[in-house]
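Convention: sequence-line order gives letters A, B, ...; per-chain numbering from 1. All values reported here derive from a predicted model rather than from experimental measurement.
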Amino acid sequence: MLKWSGVKGGVHPDTHKDRSAALKIVQASLPDCVILPLRQHAGADAIPLVKPGDSVLKGQLIAAAGTEVSAPVHASTSGRVRKIGPVQAPHPSGLAADAIVIESDGDDRWIDLDMPDDPFSQAPMELAERVARAGIVGMGGAIFPAAVKLKQGARHEIKTVLVNGSECEPYLTTDDRLMRERAEQIVDGARLIQHILRAYRIVIAIEDNKSEAIAAMRAAAEPFGAIEVEVTPTLYPMGSAKQLIQEITGHEVPAEGRSTSVGVLVHNVGTVYAIQQALRFGRPLISRVVTVAGGCIKSPRNVETVIGAPVQHLIDACGGLTDEPAQLLLGGPMMGVTLPSTQVPVIKGATGVLALQRREVSRATESPCIRCARCVQACPMGLLPLEMARRAKVDDLDGADAAGLKDCILCGSCAYVCPSHIPLVQYFQYAMGEQDARKNAARKNDYTRMLMDARNARLEKEVAAKAAAKAAKKSRASSTSESAP
Amino acid sequence: MLMATLMLGGLGIALGLLLGVAARVFAVEGENPLVKQIESLMPGSQCGQCGFPGCSAAATALVEGEAAINCCPPGGRALVEQLATLLGVSADSAGAAPVPMVASINEAECTGCTRCYRACPTDAVVGANGQIHVILQAACTGCAKCAEACPENCVSLHPEPITLDTWHWSKPQAA
């Protein structure tokens, strides 16, 4: 299919979706304890509102949003707060992050939910505020607070609400199953988002390998106007916001720009579902659907679980492991992160838990770049991955930026096609991280200088005050001595 | 012979005078402007971790080539890069930037004497007479002045801890 406006580049990895896509979403049992990290979103940590020993109810607000770009955290089951402190984070570094650990009491008792009135009769900003209070973040893995995006409607003209059901990552089928089983709720959620943003139309974009989801969504969208279900070709990374916008609208998001600059706002179907649940039933985001798959999982399928359940709990819900996994991933195999252990919790942005066998993991060692430029053809952003990596290798960060590092979406298409097995994405991750580190160092330098100046000013003032006090004392002493006789 | 001597002598005197006048007229005001420029880039906490008495002495040493461009731990990698471009040397030649350090107080041993508090160039120590002191990690430059000032020896320095905010992927090891 040749189109002028479509996505350039991209790759076609094996989808491995059949096994988990065939089975219905199953409810996971309640874990003994849930671990709720204070940062499951992009932005500042949430601030805990409970103490160890407190009893909490399901859906209770336990940590408030720290700043404007942040999200609150709610108890995902009822029980007692066991501790608030560092636990191993679901992060490749294996470092600790602060979390609230709740010991479940098994009752799973809901707090009294504040049942909203008909959301369509409410003001858009009020609804966006409700979404913010529900702690909803981008559930396709981007974890950007959803309400921050919804509030863009007041500032920019949004023409199209794009509901992202492409799910281009191999293995993952959460969006697929969600669209098949909860199509009405997703359409309702999309209409609510349209209402909030005052957008003209809704487009639900689904890759052509999900025919049942397409049929379900078409049926659900039928009664309403201004909702289109668009079928996109199966291509990785179609699910990336910028690529999907280009495919659907024909507009390219400018370099270093945002999707709002072309009048589009993209939400993942999981996010749309969560927004619908929050606006219709007042439910905060405390559960999600996760694909548990990979060669080491006995029966791969989609599991609906409370947020904060240990990864091991989900693996057990799918029959456990058949083999020692060669790689344990949170998210898809292309962009997911390796997990340090199975004891880390499932967080709001966890699309999948993958336990991959040795044969599913690339083990080839790196060899020199032969400048075949396959990565350039595969890059959906039209960048020069080989040049970016070459410069990152010698710490020429400005050079890497010039070759396009700032616009890199870290999709991994380049590394996937590289015949020399160069870990290109790791080079980019390294260069981006190093740039952040340098920016932080420069910021600290400025801060230090400011502190120094403030201290010097204070010391000078103190000296001056002392001198003035001394002079005053002297003049008083001399005036008394004069008046004495 | 006499003519030649006079000629050369006269030339010598004339050129010498010219040079002397030129040195006065075209004299560079004050110190090397590069020193000032470098000093403005440095953190300015006068911490002395570079081995020189203060940032201005370090800047002079840098310009004269007596100090390595990675001599300033609080400046970090960002400063190394800036110095490399200013001084026209390669940033990689200096090797790795020194690891930034931060100080912390062992509360069990602190007597609240306020000496560290008075020594700190960035006011990073918070405390009051007879109260336990604490060091604000974000404001600490790791200059170790507090450790020197502490009579109880309860201030320790350690590398800045790596958190989820500061961690990033390392460079792939080339095959």
Any donor-acceptor pair under 3.5 Å from A:Lys393 side chain to B:Pro172 backbone: no
Heavy-atom donor-acceptor pair, A:Gln426 side chain to B:Ser170 backbone, under 3.5 Å: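 Checked: pair present.
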Identify the two heavy atoms, one from [X] and one from [Y], that lie closest to each other, and give their separation to 0.1 Å.
X: B:Asp123; Y: A:Arg458; answer: OD1-NH2, 2.8 Å
X: A:Arg455; Y: B:Tyr117; answer: NH1-O, 4.3 Å
X: A:Asn445; Y: B:Met42; answer: OD1-C, 4.2 Å

A:Ala431 portion near chain B, given a 4.5 angstrom heavy-atom threshold: neither
Under 4.5 Å from a heavy atom of chain B, the part of A:Ala454 involved: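 Contact with chain B: none, neither part.
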Beyond-backbone contact of B:His168 with A:Gln429, side-chain heavy atoms, under 4.5 angstrom: no
B:Arg115 CZ: over 12 foreign heavy atoms closer than 6.0 Å: no
B:Glu109 atom CD, over 12 foreign heavy atoms within 6.0 Å: yes
Atom pair [atom1]/[atom2] of [X] and [Y] - distance to nearest 0.5 Å:
X: B:Cys120; Y: A:Met452; atom1: SG; atom2: CE; value: 9.5 Å
X: B:Thr122; Y: A:Lys444; atom1: OG1; atom2: NZ; value: 8.0 Å
X: A:Arg39; Y: B:Asp165; atom1: CZ; atom2: CG; value: 4.0 Å

Part of B:Ile162 within contact of chain A (heavy atom distance under 4.5 Å): both
Contacts of residues 83-94 of chain A with chain B (heavy atom under 4.5 Å):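 Residues A:Ala89, A:His91, A:Pro92, A:Ser93 are the ones that qualify, each having a heavy atom under 4.5 Å from chain B.
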